[in-house]
Amino acid sequence: MKRFLPPTIVAIVLLGLWQWWVTAFEIPVFLVPSPVRIAQTLVADWALLSGALMVTLKVTFLSLVCSVVLGVAVAFALVQSRWIETAFFPYAVLLQVTPIVAIAPLIIIWVQSPTLSLVICATIVAIFPIIANTTLGLRSVNPGLVSLFRMNGASRWQTLIRLRVPSALPYFFGGLRIASGLSLIGAVVAEFVAGTGGTGTGLAYQILQAGYQLNIPRMFAALALIAATGVLLFVLMGWLSHRALGGWHESARATDSAF
Amino acid sequence: MLTTAAPAVEILGAEKTYSSGTRALLPVNLAVHRGEVVTLLGPSGCGKSTLLNMIAGLLSPSAGEVRVWGNVRGTGAAPAASGVSFVFQEATLMPWARVAANVRLPLDLQGVAREEADARVSDALRLVGLEKFAQAYPRELSGGMQMRSSIARSLVTEPTLLLMDEPFGALDEITRNRLDDELLRLRRQRDLTVVFVTHSIHEAVYLSDRVVVMTARPGRVVDELAIAPSVPRDDAFRVSTEFATYAKRLQDALLAASTNADEALA
């Protein structure tokens with residue numbers, strides 16, 4: 001409870017100020033709609049917006065799953081040898097530093113399915129922290145434990161499963177938290193690019209449409225949904241990591257006041 | 001297999017030179033006999049850990065030979081399966097596993113059946129007085145208890161030779177003294193041969209049958225001192241004149257060695 005009360009108070013105060021400011025200074029609704037107006041729009045346009053939300057959520061989750069599966073696979077490949085890492089890691093960086101807005105139009109042209117093209121774009125955005133963190137984690141193994149495994153005649157497989165993978169978990173979950181946010185950003189950005197091409201009906205497309213129609217309350221309502229999704233994803237990943245690392249890792253214990 | 005006539009450890013001119021040309025250890029000749037506690041004493045960089053790692057089979061000598069129970073290192077079974085256990089400078093426990101699982105690890109890796117392994121884990125934990133903490137996570141234990149878990153893990157394979165690399169160096173003196181006593185008790189109970197690395201003169205005198213004095217730049221063995229086996233190892237020994245005499249002699253040996261080394265450099 002202690003964790004949720006302060007941010008809730010801040011939210012109520014800010015929304016209250018916003019409402020008061022808009023009302024007191026008679027700000028026109030096409031410039032800044034009041035929180036109450038946005039809430040009303042959210043309810044009134046729910047059929048439209050919830051459909052769009054589902055599309056965005058689908059792209060976000062699919063790309064997050066792809067990032068995790070591919071990212072972890074790439075990380076496992078990279079740690080097989082220093083040579084492989086030296087040879088291929090720069091290309092992972094290349095993926096990271098290329099702006100998605102620049103490649104998205106190409107991918108949308110090349111890939112027939114709109115959903116697939118959006119998922120590819122969002123995956124490109126989200127995959128890097130998974131690769132980087134998991135690689136680091138798989139390498140960050142206590143050297144004493146490595147010696148212990150060697151002295152007991154552990155196979156390469158046993159060392160991987162019993163030592164490297166558990167050692168990498170905290171790093172992986174750190175990457176997952178960042179990737180979850182990035183997959184949503186990737187989904188929205190890709191849709192902005194794709195939306196101009198007439199495909200997709202996600203939240204980003206709703207924002208574009210509402211912008212053309214000067215339907216500012218709907219723009220804000222869609223924005224609020226994206227923000228809420230982002231926060232929810234972050235909380236969900238935090239919970240997952242806490243469940244997986246509970247008890248043994250510092251990061252999972254950080255919220256226990258006793259420590 | 002175990003040849004009773006052979007010494008526990010036989011080091012025949014083993015030396016270590018790294019590819020960079022650094023001479024970590026000049027040729028060493030040393031035998032450790034069954035049931036002995038031999039301490040390698042010296043400052044950092046004297047090659048004591050290098051020597052211990054060569055006995056463990058974790059490092060191979062650049063020249064010379066290391067034999068454990070008559071078998072040349074680097075051939076045959078994994079070290080742990082041939083009755084050698086290693087205790088590291090730190091507890092080196094897996095933070096994600098409970099104490100019992102940590103202690104069982106060597107047995108799991110060697111493919112010992114679950115039931116037998118569990119029985120041996122209970123025995124090992126009882127031996128170090130941690131039976132109540134089998135289900136705790138390492139981070140819930142004090143430094144001394146973590147070290148005890150680590151010792152339990154090294155004993156679970158029922159080793160005949162225990163190699164310890166400054167195991168109590170990070171602990172406070174009171175805990176360290178208590179663990180020294182426990183080690184001597186375990187050694188009697190389990191008929192262990194122990195090679196113990198330390199930079200503490202007092203620990204060396206208290207634990208050893210024999211102290212091997214080493215020095216740095218380059219790492220080498222310079223002296224050896226036997227501690228009379230008739231002396232009872234207890235608190236009275238720690239404050240006795242005899243103890244002080246041994247400590248003084250070791251200190252002099254270390255000092256003489258380092259002065260000679262400095263002169264050689266100059």
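Reminder, nothing fancy here: chain letters follow the sequence lines and each chain counts from 1.
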A.B. asks: Tell me whether B:Q189 at atom CD has more than 12 heavy atoms from other residues, nucleotides or ligands lying less than 6.0 Å away.
C.D. replies: yes
A.B. asks: On a heavy-atom basis, which atom in A:N152 and which in B:T157 lie closest, and how many Å separate them?
C.D. replies: OD1-CG2, 4.3 Å
A.B. asks: Test: side chain to side chain donor-acceptor pair (under 3.5 Å). Region: residues 60-71 of chain A. Which pairs qualify, not counting sequence neighbours?
C.D. replies: none
A.B. asks: Minimum heavy-atom separation for A:Q158 and B:L109, please, with both atom names.
C.D. replies: NE2-O, 3.6 Å
A.B. asks: Can you tell me if A:R164 has over 12 outside heavy atoms packed within less than 6.0 Å of its CZ?
C.D. replies: no
A.B. asks: Contact part of B:R153 toward chain A, heavy-atom cut-off under 4.5 Å: side chain, backbone, both or neither?
C.D. replies: side chain
A.B. asks: Please look at A:S155 and chain B and tell me whether the side chain, the backbone, both or neither of the residue comes under 4.5 angstrom of a heavy atom of that chain.
C.D. replies: neither
A.B. asks: Answer with side chain, backbone, both or neither: which region of B:N53 has an atom nearer than 4.5 Å to a non-hydrogen atom of chain A?
C.D. replies: neither
A.B. asks: Tell me every residue that passes ring-ring contact (aromatic ring centres under 6.0 Å, His included) with B:F88, counting only those two or more places apart in sequence or in another chain.
C.D. replies: B:F86
A.B. asks: Search all heavy atoms of A:R162 against all heavy atoms of B:M94 and return the closest pair with its distance.
C.D. replies: O-SD, 4.2 Å
A.B. asks: Given side-chain contact (heavy atoms from CB on, under 4.5 Å), test B:L105 with A:L148 step by step and report yes or no.
C.D. replies: CA-CA 9 Å; B:L105 178 73; A:L148 183 74; 3.6 Å; yes
A.B. asks: For A:Q96, I'd like to know if atom CD has over 12 heavy atoms of other residues, nucleotides or ligands within 6.0 Å.
C.D. replies: yes
A.B. asks: Side chain, backbone, both or neither: which part of A:L163 has a heavy atom under 4.5 Å from chain B?
C.D. replies: both
A.B. asks: Does A:F89, at its CZ atom, have more than 12 non-hydrogen atoms belonging to other residues, nucleotides or ligands within less than 6.0 Å?
C.D. replies: yes
